[in-house]
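Okay, structure first, notes after.
Positions are given from 1, in the same order as the sequence printed here. Just so you know, ligand 1 is whichever comes first in the structure, and atom 1 is the first atom listed for that ligand.
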Amino acid sequence: MTVLTDVDGLDEAAAAAELADLAAALGQANHAYHTNDSPDITDAEYDALKRRNAAIEARFPHLKREDSPSEKVGAPVAEGFGKVTHAVAMLSLSNAFDDTDINEFDGRVRKYLGLGSDVAVNYTAEPKIDGLSLSLRYEKGRLVQAATRGDGAVGENVTANALTIADVPAKLERAPELLEVRGEVYMSHADFEALNRRQLEAGAKTFANPRNAAAGSLRQLDSDITKSRPLRFFAYAWGALSDPLADTQMGAIERLRALGLSTNPLTSLCAGPAELVAHYRTIEEQRATLGYDIDGVVYKVDDLALQERLGFRSTTPRWAIAHKFPAELAWTRLESIDVQVGRTGALSPVARLMPVTVGGVTVSNATLHNEDYIAGSDSKGQTIRDGKDIRVGDWVQVYRAGDVIPKVADVDLKKRPPDAVPYVFPETCPECDSLAVREPGDAVRRCTGGLICPAQAVEKLKHFVSRAAFDIEGLGAKQVEQFYADTWIKEPADIFFLRQRFGSGLQQLKNREGWGEKSANNLFDAIDEKRTISLSRLIFSLGIRHVGEAASNMIARHYGSWERFDAAMQSVGESGSSAWEDLIGIDGVGGVMAQSLTQAFAQQAERASIDRLVAELSIQPVERPTTAGSPVAGKTVVFTGTLEKMTRAEAKARAERLGAKVSGSVSSKTDLVIAGPGAGSKAKKAAELGVDVIDEDSWLALIASK
Ligand code: IVH
């Protein structure tokens with residue numbers, strides 16, 4: 001969308017009419033963004049409309065409307081949450097888009113303060129986090145209230161939800177009597193992708209981007225849902241205060257960090273606009289690898305006394321500005337749709353695009369997610385993109401956020417070629433022709449070929465040699481593809497027969513480009529080195545659906561040895577066996593994962609392939625930490641409710657170091673339940689079973705001497 005800011009040719013009547021249209025369009029966009037967490041226009045489009053509005057208002061000040069969008073921040077609070085009137089209003093930032101705007105900003109600041117051109121003003125520069133702002137009110141060091149921005153004056157009370165965020169401390173030591181910390185709640189790319197995967201698997205709604213996921217997760221009426229979503233928080237400002245934090249912005253941020261709040265490591269002090277712009281470029285270069293979305297860089301006058309003097313315009317401070325990044329969006333032609341088959345048989349449609357630059361990176365492939373996404377609906381059958389389907393030949397919008405895989409976000413129907421036909425998703429595997437089926441509730445169609453499907457077999461092998469799995473030096477994805485094509489490696493066990501296969505006659509391998517006697521022997525040595533492997537790596541390397549690295553660790557620690565794990569997998573389906581209960585009792589293993597594991601081991605071909613592999617290996621049992629004298633060694637403990645002194649992850653790691661087994665559910669095997677505020681059904685079940693329940697302080701006292 002091009003929105004002109006040149007208003008010279010506009011007469012009064014046209015200007016008034018356009019201001020009315022802009023007020024309506026921006027009002028609608030605000031509602032979609034703030035109240036529904038589901039933006040209907042891009043940030044760039046929103047900014048362009050705001051700029052157009054500001055330009056017309058500057059030219060015709062007397063036409064400025066009572067409901068002018070330039071006076072508004074955010075949207076009214078949603079129903080369902082308690083209301084919080086902010087002691088100090090939560091304001092917005094004005095935007096800058098190019099270097100000239102930054103020079104002008106500095107000029108305005110110095111002019112306002114009456115400084116001569118020889119006096120430089122210091123500024124801080126820090127990433128503008130693309131999340132949603134949150135105000136945390138601490139009284140005597142205790143978090144008493146957390147509120148969203150809302151319309152800037154009144155926000156939503158989300159205290160219970162904020163307390164579930166690991167970066168939000170429930171208590172601060174040595175904090176001022178009253179301290180309102182302000183900052184941004186956000187979700188990392190990795191957590192966003194994992195959440196969307198989980199949502200898909202559960203047949204629930206997926207989120208368009210990490211910011212919507214963060215907003216949707218924080219604004220849940222049930223804080224247990226928020227708790228299950230990995231939100232993070234960066235502190236960057238403050239509201240009401242009983243004592244000043246410091247004399248400078250930088251000092252205040254350092255103080256917040258010293259109090260235990262998470263602050264952004266890319267915050268830097270700059271002397272004047274040239275240094276600001278230089279830091280902007282540095283941050284822009286790192287943008288793709290930060291692991292979370294940022295949409296610009298925020299500059300703030302460093303001296304707090306100067307900030308005080310500069311004060312605010314109606315909705316924005318004079319002492320700060322957001323230097324926005326250009327949008328990472330582009331339009332291009334969809335040339336074809338390929339369907340790739342993954343390790344677990346999932347058929348993933350990939351858009352082959354006419355190459356286009358998106359935010360400085362050339363994009364020629366983008367994900368199309370699944371067949372419903374192409375057809376214009378989400379996993380629940382609700383329409384997305386107003387129901388527009390995606391066709392080969394279409395003009396499509398490509399969206400790229402940081403290092404998230406680019407995706408096709410929209411279609412321009414006006415440019416659709418007349419002969420474009422709806423895309424028909426294959427119902428057989430494009431690699432092995434086996435039937436590809438969709439389980440009820442699954443958005444993904446999967447090839448049923450299992451190990452006979454070459455694509456699944458190769459992807460499984462690639463996973464097997466990947467870094468977190470066997471990590472064999474000299475045997476990466478490329479070599480695996482080559483060896484598979486040569487039929488030298490068809491399954492993991494074959495890797496361990498390579499030396500034997502070639503014996504002393506390396507000729508066959510040496511004929512291959514890139515292989516000589518030395519490199520071949522090096523490869524065989526590297527393979528032999530990995531014959532001894534830890535149990536957790538082995539479990540992960542099997543590439544069983546849903547069983548990731550963290551879960552493999554948990555499972556390995558639970559069973560301790562391959563023999564015990566294997567025995568459990570054998571007996572899990574037998575009637576009267578407690579193996580299933582035991583498996584789903586492992587913290588981090590849910591029903592879906594347990595089912596997937598059980599199924600893999602029950603399939604004869606898969607089972608035989610695992611047995612052939614295991615015969616070649618020496619699997620190290622899990623080393624139990626020395627826990628002599630530990631009061632909880634060998635005990636099964638369950639944490640529930642909110643922990644106030646440390647994160648759940650830390651509590652768990654500590655318990656495990658002391659030889660305890662940490663479980664996610666309470667059963668007759670549980671020895672101890674540590675229940676924090678908000679503990680619900682687990683504490684109740686423990687009471688029913690007569691299991692000891694203690695609070696966090698008693699737990700800390702119990703393990704204190706360790
Ligand atoms: S300072 C008085 N610093 O951007 C203004 N805001 O467009 C205080 N944001 O409402 C805000 N990162 O939600 C500030 N490093 C940062 C930020 C930041 C993200 C958000 C915040 C604010 C919005 C303004």
Worksheet item: If you draw the axis of the six-membered ring of Phe192, does the NZ or CZ of Arg197 fall within 45° of it and under 6.0 Å from the ring centre?
Response: no
Worksheet item: Does the ring center of Phe105 lie less than 6.0 Å from the ring center of Tyr123?
Response: yes
Response to the item:
Nearest heavy atom to atom 3 (N) of ligand 1, choosing from Met90, Lys300, Glu126, belongs to Lys300
Worksheet item: Which bit of Ala237 is near ligand 1, meaning a heavy atom under 4.0 Å away: side chain, backbone, both or neither?
Response: neither
Practice prompt. Indicate whether the side chain of Asn212 and that of Asn209 have a donor and an acceptor atom separated by less than 3.5 Å.
Written response: yes
Worksheet item: In the protein, what heavy atom is nearest to atom 24 (C) of ligand 1, and what distance, to one decimal place, separates them?
Response: Leu93 N, 3.5 Å
Discussion item. As a check for students: among Tyr236, Trp238, Tyr186, identify the option with a heavy atom nearest to atom 17 (C) of ligand 1.
Written reply: Tyr236
Worksheet item: At what distance is the nearest protein heavy atom to atom 2 (C) of ligand 1, and which residue and atom is it?
Response: Pro317 CG, 3.7 Å
Practice prompt. Verify the neighbour count for atom CG of Asp247: are there more than 12 heavy atoms of other residues, nucleotides or ligands below 6.0 Å?
Written response: no
Discussion item. For atom 13 (O) of ligand 1, what's the nearest protein heavy-atom neighbour? Residue, atom name and distance, please.
Written reply: Glu184 OE1, 2.8 Å
Worksheet item: Will you find, in the side chains of Tyr299 and His323, an N or O donor that is under 3.5 Å from an N or O acceptor?
Response: yes
Worksheet, complete the sentence: Residue, atom and distance of the protein heavy atom nearest atom 12 (N) of ligand 1 read Ile129 N, 3.0 Å
Worksheet item: Closest non-hydrogen protein atom to atom 22 (C) of ligand 1, residue and atom name please, with distance?
Response: Arg149 NH1, 4.0 Å
Worksheet item: Of the protein's non-hydrogen atoms, which lies at the shortest distance from atom 23 (C) of ligand 1, and what is that distance?
Response: Lys128 NZ, 3.9 Å
Discussion item. So if I count the atoms of ligand 1 from 1 in the order they appear, which ones are less than 4.0 Å from some heavy atom of Ser133?
Written reply: 10 (O), 13 (O)
Worksheet item: Is there a nitrogen or oxygen of Pro127 sitting under 3.5 Å from a nitrogen or oxygen of ligand 1?
Response: yes
Worksheet item: For ligand 1, is there an N or O atom under 3.5 Å from any N or O atom of Phe312?
Response: no
Worksheet item: Take atom CG in Asp386; do more than 12 heavy atoms of anything else shown fall under 6.0 Å from it?
Response: no
Worksheet item: Taking the six-membered ring of Tyr373, is NZ or CZ of Arg385 closer than 6.0 Å to its centre and within 45° of its axis?
Response: yes
Discussion item. Side chain or backbone, does Trp319 bring an N or O within less than 3.5 Å of an N or O on ligand 1?
Written reply: no
Discussion item. Is a donor from one side chain sitting under 3.5 angstrom from an acceptor on the other, for Ser68 and Arg65?
Written reply: no
Practice prompt. Answer yes if the side chains of Asp303 and Gln307 hold a donor-acceptor pair under 3.5 Å, and no otherwise.
Written response: no
